[in-house]
Amino acid sequence: MYDTVYKAASDHVIRLFEEMAQPNLTYHNLQHTKNVVERAQEIAAQYELGDDDTLALYVAAWFHDTGHLFTEQMGHQQQSIELMRQFMQDQGVGLDIINKCEGCITATEMPQRPVHLIEEIICDADTFHFGTKEFIDTNKAVKKEYELRGYLHFIQDWTANTIALLERHTYF
């Protein structure tokens, strides 16, 4: 079941991003999603996760920002959860795994408040770029996305807010 559901999730999310492509998503797009999945896999490899936790983490990584395709910044996690829940129910996945996925997606909301290890892993995967040389480019992409989506209040004092974000951020 694990491999089948994982493959179906990746195919489903890739198809969603391709069919619903929005040029204003200069950061919260398919490439970001793929990066988060890769980082989640990389971090999870350091632990001995069970199959259920592994599946929940990876499916959550695929779905965590799909809500951006259908709704505004605020509330996108809830939309992502609804999309994930419907997909997982269609796949015949049990409620326990679905709830773990939901916990992971919820944990990515800023400020991050993970409770379980897999929630910590997805949070670190989602913010992995903070500690890389690519951060300058990703930060510009986020700002551009907010401009294109009309979130002008988010870009006021951008540099000061970015520095504050980096100063208070910790990896789990």
To check you understand the geometry: which heavy-atom pair defines the closest contact between [X] and [Y], and what is its length?
{"X": "Ala44", "Y": "Leu49", "value": "CB-CD1, 3.8 Å"}
{"X": "Ile121", "Y": "Ala40", "value": "CG2-O, 3.8 Å"}
{"X": "Phe17", "Y": "Asp65", "value": "CZ-O, 4.2 Å"}
{"X": "Met110", "Y": "Phe130", "value": "CE-CZ, 4.2 Å"}

Inset, instruction - Could you check Leu95 against Arg85 for side-chain contact (heavy atoms from CB on, under 4.5 Å), going step by step and ending with a plain yes or no? - result: CA-CA 9 Å; Leu95 193 55; Arg85 277 190 172 279; 3.7 Å; yes
Hey, is [X] close enough to [Y] for a salt bridge, meaning N to O under 4.0 Å?
{"X": "Glu145", "Y": "Arg149", "value": "yes"}
{"X": "Asp3", "Y": "Lys7", "value": "no"}
{"X": "Asp53", "Y": "Lys100", "value": "yes"}

Inset, instruction - Any chance you could measure Ile43, atom CD1, to Asp124, atom CG, to the nearest 0.5 Å? - result: 5.0 Å
Under a single-linkage definition using a 4.5 Å side-chain heavy-atom cutoff for Ile, Leu, Val, Met, Phe, Trp and Tyr, are [X] and [Y] assigned to the same hydrophobic cluster?
{"X": "Ile97", "Y": "Tyr47", "value": "yes"}
{"X": "Val59", "Y": "Tyr2", "value": "yes"}
{"X": "Val13", "Y": "Tyr6", "value": "yes"}
{"X": "Leu165", "Y": "Ile155", "value": "no"}
{"X": "Phe128", "Y": "Leu166", "value": "no"}

Inset, instruction - Might you work through the ring pair (Phe, Tyr, Trp, His ring centres under 6.0 Å) test for Tyr27 and His129, ending with a clear yes or no? - result: CA-CA 12 Å; Tyr27 178 73; His129 65 282; 5.5 Å; yes
Legend entry - Side-chain H-bond candidate by donor/acceptor type, Tyr151 with Glu72, under 3.5 Å: yes
Hey, does [Y] have a side-chain heavy atom less than 4.5 Å from the side chain of [X]?
{"X": "Gln77", "Y": "Thr106", "answer": "no"}
{"X": "Trp158", "Y": "Asn139", "answer": "yes"}
{"X": "Met88", "Y": "Cys101", "answer": "yes"}

Inset, instruction - For this output row, return yes or no: ring centroids of His32 and His68 closer than 6.0 angstrom. - result: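 When the ring centroids of His32 and His68 are compared, they turn out to be at least 6.0 Å apart.
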Inset, instruction - Establish, yes or no, whether a centroid distance under 6.0 Å links the rings of His116 and Phe172. - result: no
Checking the side chain of [X] only, and the main-chain atoms of [Y] only, is there a donor and an acceptor separated by less than 3.5 Å?
{"X": "Glu119", "Y": "Val115", "value": "yes"}
{"X": "Tyr171", "Y": "Thr127", "value": "yes"}
{"X": "Ser80", "Y": "His76", "value": "yes"}
{"X": "Asn161", "Y": "Asp157", "value": "yes"}
{"X": "Thr33", "Y": "Trp62", "value": "no"}

Legend entry - Aromatic plane relationship, His28 with Tyr146 - under 30° parallel, 30 to 60° tilted, over 60° perpendicular: parallel
Inset, instruction - Test Phe70 against Leu16 for side-chain contact (heavy atoms from CB on, under 4.5 Å), laying out the working first. - result: CA-CA 10 Å; Phe70 301 95; Leu16 270 179; 3.9 Å; yes
Legend entry - Single hit among Leu148, Leu69, Asn29 for side-chain contact (heavy atoms from CB on, under 4.5 Å) with Gln22: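 Testing Gln22 for a side-chain contact (heavy atoms from CB on, under 4.5 Å) against Leu148, Leu69, Asn29 leaves exactly one candidate, Leu69.
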